[in-house]
Amino acid sequence: MARRRFLPIPLILLIPIVLLIIVVVAGVYRFSLSDEEILQKQGLIQVSESDTP
């Protein structure tokens, strides 16, 4: 009986490749946003109207 392989690459190599793709996508998403947008999403800074004295 010949053993049939379902994946062309071993599963042990597939996991790091998938993790690398996730990191690259997260980095591209982060650098597509400005720092102010990120801080607003985290609630660390207020809207610029409250910055005026």
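Numbers for residues simply follow the sequence, beginning at 1. Below, each value reflects all heavy atoms present in this structure, side chains not excepted, and no hydrogens, waters or symmetry copies.
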Any chain of hydrophobic side-chain contacts (each under 4.5 Å) joining I17 to I22?
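Yes, it is one cluster - the side chains of I17 and I22 are joined through contacts under 4.5 Å.
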
Shared ILVMFWY cluster between I21 and V18, side chains joined below 4.5 angstrom?
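Hydrophobic grouping puts I21 with V18.
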
What's the verdict on side-chain contact (heavy atoms from CB on, under 4.5 Å) for L19 and I15, showing C-alpha distance, side-chain angles and the deciding distance?
CA-CA 6 Å; L19 290 175; I15 295 171; 4.2 Å; yes

More than 12 heavy atoms from other groups under 6.0 Å of CG on L13:
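Counting other residues, nucleotides and ligands, CG of L13 exceeds 12 neighbours.
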
